[in-house]
Amino acid sequence: MSKAEKVFSLARRRGFFWPAYEIYGGVAGFYTWGPLGVLLKNKIRSFWREMFVYRHGFVEIEGPSIAPEIVFKASGHVEGFKDVMVSCLNCGAKYRADKLLEERGVEAPEGLSPEEYLGLIRENNVRCPSCGGELGNPGYFITMFQTTIGPYSDAVGYLRPETAQNMFTEFRRVYEVMRRRFPLGVAQIGRGFRNEISPRQGVIRLREFDMMEIEFFFDPEDEDFPWAEEVMDEELNILHEELIRSGGRDYETMTVREALERGIIHYRSMAYFMVLAKRFIAALGIPEDRQRFREKLEGERAHYARKVFDQEVLLDRWGWVEVSGHADRTDYDLSRHSKYSGRELAVEKRLEKPITVTVREAYPEPRRIRESYPEKIGEIMRSLSGMDPEELYRLLDSQGYIEVAGVRLGKEFFRLEVGEERRSVKKIIPHVVEPSFGLDRIVYATLEYAYREKGDRVVLSLPAYVAPIEAAVYPLLDRDDLRGLAEDIVLELEENGFRVFYDYGDSIGRLYARGDEIGVPIAFTVDMRSLRDDTVTARDRDTWVQYRVERGRVVEMVERLVSGEPFEEIARSMGLEKVSV
RNA sequence: GCGGCCGUAGUCUAGCCUGGUAGGACGCCGGCCUGCCACGCCGGAGGUCCCGGGUUCAAAUCCCGGCGGCCGCACCA
């Protein structure tokens with residue numbers, strides 16, 4: 001059995017996750033997170049939020065999962081991810097029409113209809129690559145889930161394929177609410193939906209999944225990013241374009257400084273988020289040498305991105321798998337939404353020193369226009385008043401006239417003003433660097449790396465700060481007096497906000513084994529001595545080492561463990577007596 | 001979507017070829033025992049044999065279709 005199978009089997013058996021709708025045979029690409037899975041997921045989510053959002057004064061929003069079609073037209077998803085598919089009339093295989101033509105060296109303009117594609121295919125006598133059969137049945141395939149909004153069937157909506165768009169559509173308001181603080185980091189954690197053609201890798205590739213994304217809005221000409229300083233000497237494993245093209249190794253290890261100097265990473269902010277991503281994944285128990293950042297080449301990248309690094313972790317069964325993506329989305333999204341909505345999505349940036357700019361503006365002279373076109377004056381003035389004076393000047397300057405209401409007005413109909421103006425702000429459309437994480441696969445990777453076997457027993461060595469259940473309490477024997485004391489301890493831990501795995505009735509070895517298997521980092525056992533001196537044993541999940549601790553200090557011990565302190569260190573600094581077994 | 005392999009208690013599986021109505025291990029529940037690492041003994045519960053249809057006196061078993069899983073191809077913003 002592969003490790004993945006073992007993890008899936010454990011996940012199912014103990015309730016981390018399992019395929020959804022099992023009683024109806026299941027539906028590919030949909031999974032249910034069970035009781036332990038939800039706890040683990042929540043912890044990892046909070047850990048991320050703490051590390052990426054709160055620590056930098058970023059803000060989080062929560063928008064709807066469904067958006068009207070216009071949003072995804074603006075974002076480019078409707079056009080970019082509506083592929084024309086053709087199928088082989090003989091063997092039934094399906095192909096993307098554009099890719100098929102491209103392979104044959106046939107140039108096809110973008111945005112052709114399915115029939116036009118088929119026409120080109122017939123003209124060039126392109127046949128099925130696998131069986132040589134004739135191609136037909138052209139049609140669209142959109143990897144977004146489509147729905148309708150409200151009772152009108154023509155109000156098309158889509159389930160978002162990424163949470164990012166909410167951050168762009170709501171940008172103005174967030175910027176305003178944040179009192180125009182800039183640069184601005186906006187985060188969102190939520191569901192994304194992709195109607196994958198063939199999702200197969202369990203919880204690694206879902207049709208509905210959780211994403212944790214940040215859009216960091218900044219001025220590309222003045223990248224003010226102080227946090228980057230502290231990570232300059234930190235190392236990253238990068239499989240960069242040059243290395244890929246030379247058919248090189250898995251990755252090259254270099255410092256952030258070097259990556260920036262060599263131009264492999266362009267933005268300090270992106271480099272910083274990549275370091276953070278590395279630390280985040282490492283903190284979940286995945287060693288640095290099992291992580292890398294792979295640069296996405298031209299053609300692999302999404303339509304909106306100029307540069308992308310995928311953070312990948314090495315999984316037992318599937319090899320390198322993406323857990324986060326770091327994209328330079330430029331001003332693509334805000335510019336597009338600005339264009340489609342007609343709203344300005346710029347920020348005003350205060351300049352350190354006011355600058356003087358030359359302003360060239362043109363204003364119409366109504367009296368002269370009336371003299372020449374008395375019957376059209378109303379219409380002309382209505383049109384001109386809606387136009388930007390600077391734009392008018394530019395047009396007059398370049399083409400010599402303005403065409404409006406069917407007449408050409410030359411410069412003589414305008415008052416031209418050229419003057420100097422002092423400016424202390426400039427308007428910019430922010431650029432965006434986006435770190436984007438796939439939560440479900442991160443949880444899976446965490447489980448896979450935590451999965452250990454000790455003889456024929458399974459131990460989930462989850463870091464204490466993400467363990468779904470923080471502590472276990474067992475009576476050594478199933479006796480009323482021992483259980484009574486154990487239950488008091490359970491209650492005390494629960495009152496302090498911890499989840500407790502309380503079990504009894506079996507041999508102590510079996511109890512320990514059950515707790516280990518779901519990753520409970522520490523177990524307290526009440527024995528006969530506990531009744532005499534009010535101490536219990538504290539056992540470490542990974543080493544099985546035990547110390548005696550006073551009952552009143554059990555909570556303290558768990559608190560310290562969960563905050564990241566190693567078991568042995570806690571025992572030492574608390575001056576605990578080691579138990580020889 | 002295509003091709004190959006596969007689908008049997010919570011888990012892992014035997015049985016399928018050569019049709020006769022399901023067996024084991026672990027886990028689970030109860031009891032006894034034990035007294036710090038899935039201890040031992042006794043007892044027990046738990047199965048629409050993925051779903052639907054067909055062939056047959058009779059289908060887990062043979063045939064067809066569907067769903068799901070794994071591998072390869074394609075896809076993966």
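All of these numbers come straight from a predicted model, not from anything done at the bench. Reminder, nothing fancy here: chain letters follow the sequence lines and each chain counts from 1.
Atom CG of A:Asp503 is separated from atom C1' of B:C36 by 15 Å (rounded to the nearest Å). Following rounding to the nearest Å, A:Lys296 (NZ) and B:C76 (P) show an atom-to-atom distance of 9 Å. Here the C1' atom of nucleotide B:C29 and the OH atom of A:Tyr504 are 13 Å apart, to the nearest Å. Straight-line distance from the NZ atom of A:Lys578 to the C1' atom of B:C36: 15 Å, rounded to whole Å. Distance CZ (A:Phe145) to P (B:A77): 15 Å, rounded to an integer number of Å. Across the protein-nucleic acid pair, A:Met144 atom CE and B:C76 atom P stand 14 Å apart, rounded to whole Å. A:Glu22 places its CD atom 12 Å from the C1' atom of B:G7, with the value rounded to the nearest Å. Atom OH of A:Tyr24 is separated from atom P of B:U48 by 15 Å (rounded to the nearest Å).
Ring centers of A:Phe8 and A:Tyr444: under 6.0 Å apart, within the cut-off.
At a cut-off of 3.5 angstrom, counting only N and O atoms as typed in the model, there is no donor on one side facing an acceptor on the other between the side-chain of A:Tyr474 and the base of B:C36. Residue-to-nucleotide contacts include a donor-acceptor pair under 3.5 Å from the side chain of A:Arg539 to the base of B:C37. Side-chain atoms of A:Arg205 and base atoms of B:C75 include a donor and an acceptor less than 3.5 Å apart. A:Gln546 contributes a side-chain N or O that forms a donor-acceptor pair with the base of B:C36 under 3.5 Å.
Residue contacts for A:Arg13: at a heavy-atom cut-off of 4.0 Å it reaches the sugar-phosphate backbone alone, with no base atom in range. Residue A:Asp516 is out of contact with every strand shown, counting any heavy-atom pair closer than 4.0 Å. Within the nucleic acid shown, A:Trp18 has no heavy atom closer than 4.0 Å to any nucleic acid atom. Among the atoms of the strands shown, only primed sugar atoms or phosphate atoms (P, OP1, OP2) are found under 4.0 Å from some heavy atom of A:Arg317. Base engagement by A:Ala513 is indicated by at least one non-hydrogen atom pair under 4.0 Å involving a base atom. Among the heavy atoms of the strands lying under 4.0 Å from A:Glu517 is at least one base atom, whether or not backbone atoms are also near. Among the atoms of the strands shown, only primed sugar atoms or phosphate atoms (P, OP1, OP2) are found under 4.0 Å from some heavy atom of A:Tyr304. Using a 4.0 Å heavy-atom distance criterion, A:Gly202 is classed as a sugar-phosphate-only contact.
Rounded to a whole angstrom, the distance from the P atom of B:A60 to that of B:G69 is 25 Å. The same atom, C1', is picked in B:U18 and in B:C64; the two are 22 Å apart, to the nearest Å. Separating the P atom of B:U13 from that of B:G7 is a span of 10 Å, rounded to the nearest Å. Rounded to a whole angstrom, the distance from the P atom of B:A9 to that of B:U61 is 15 Å. One C1' atom belongs to B:G3, the other to B:A22, and the distance between them is 33 Å to the nearest Å. Between B:G27 and B:G66, the two C1' atoms lie 33 Å apart (nearest whole Å). A distance of about 48 Å separates the P atoms of B:G31 and B:C67, rounded to the whole Å. B:C42 and B:G52 are spaced 40 Å apart, taking the P atom of each and rounding to whole Å.
Of the side-chain N and O atoms in A:Trp544, none sit less than 4.0 angstrom from OP1 or OP2 of B:A38. Of the side-chain N and O atoms in A:Arg510, one or more sit less than 4.0 angstrom from OP1 or OP2 of B:C39. When the side-chain nitrogen and oxygen atoms of A:Arg200 are compared with OP1 and OP2 of B:C76, none of them lie within a distance under 4.0 Å. Here A:Ser507 reaches the OP1 or OP2 of B:C39: one of its side-chain N or O atoms lies under 4.0 Å away. Using a 4.0 Å cut-off, no side-chain N or O of A:Arg301 falls inside it from OP1 or OP2 of B:A77.
Geometric assessment of A:Arg292 against the ring of A:Trp320 yields a positive cation-pi assignment under the 6.0 Å and 45° thresholds. Cation-pi geometry between A:Arg539 and A:Tyr512 is met: under 6.0 angstrom from the ring centre, within 45 degrees of the axis.
Minimum heavy-atom separation, A:Glu196 to A:Arg207: O-NH2, 2.7 Å. In plain terms, the two heavy atoms of A:Arg160 and A:Asn166 that are nearest each other are NH1-OD1, 3.1 Å.
In this entry B:C32 has B:G40 as its Watson-Crick or G-U wobble partner, both defining distances falling under 3.5 Å. Nucleotide B:G19 has no partner under the Watson-Crick or G-U criteria, as no pair reaches both atom distances under 3.5 Å. Across all strands shown, nothing is found opposite B:A77 as a Watson-Crick or G-U wobble partner with both distances under 3.5 Å. If you check B:A9 for Watson-Crick or wobble pairing at under 3.5 angstrom, you find it has no partner at all. Base pairing of B:G47: no nucleotide in any strand meets the Watson-Crick or G-U wobble criterion (both distances under 3.5 Å). The base-pairing partner of B:G72, taking Watson-Crick or G-U wobble contacts with both distances under 3.5 Å, is B:C2.
A salt bridge is defined here as a Lys NZ or Arg NE, NH1 or NH2 lying under 4.0 Å from an Asp or Glu carboxylate O, and A:Glu568 with A:Arg572 fails to meet this definition. Ion pairing between A:Arg548 and A:Glu577 fails under the 4.0 Å rule for side-chain N and carboxylate O.
The closest side-chain donor-acceptor pair between A:Tyr504 and A:Arg483 falls under 3.5 angstrom.
When each of A:Arg12 and A:Gly25 is assigned the nucleotide of RNA chain B with its nearest heavy atom, A:Arg12 is the one assigned upstream, toward the 5' end. The 5' end of RNA chain B is approached more closely, in terms of each residue's nearest nucleotide, by A:Glu5 than by the other of A:Gln201 and A:Glu5.
Of the candidate nucleotides B:C12, B:C28, B:C36, B:C12 has the atom lying nearest to any side-chain atom of A:Ser9. Of all nucleotides listed (B:A77, B:G68, B:C36), B:C36 comes nearest to the side chain of A:Thr525.
Side chain of A:Arg529 to backbone of A:Val526: no donor-acceptor contact under 3.5 angstrom is found.
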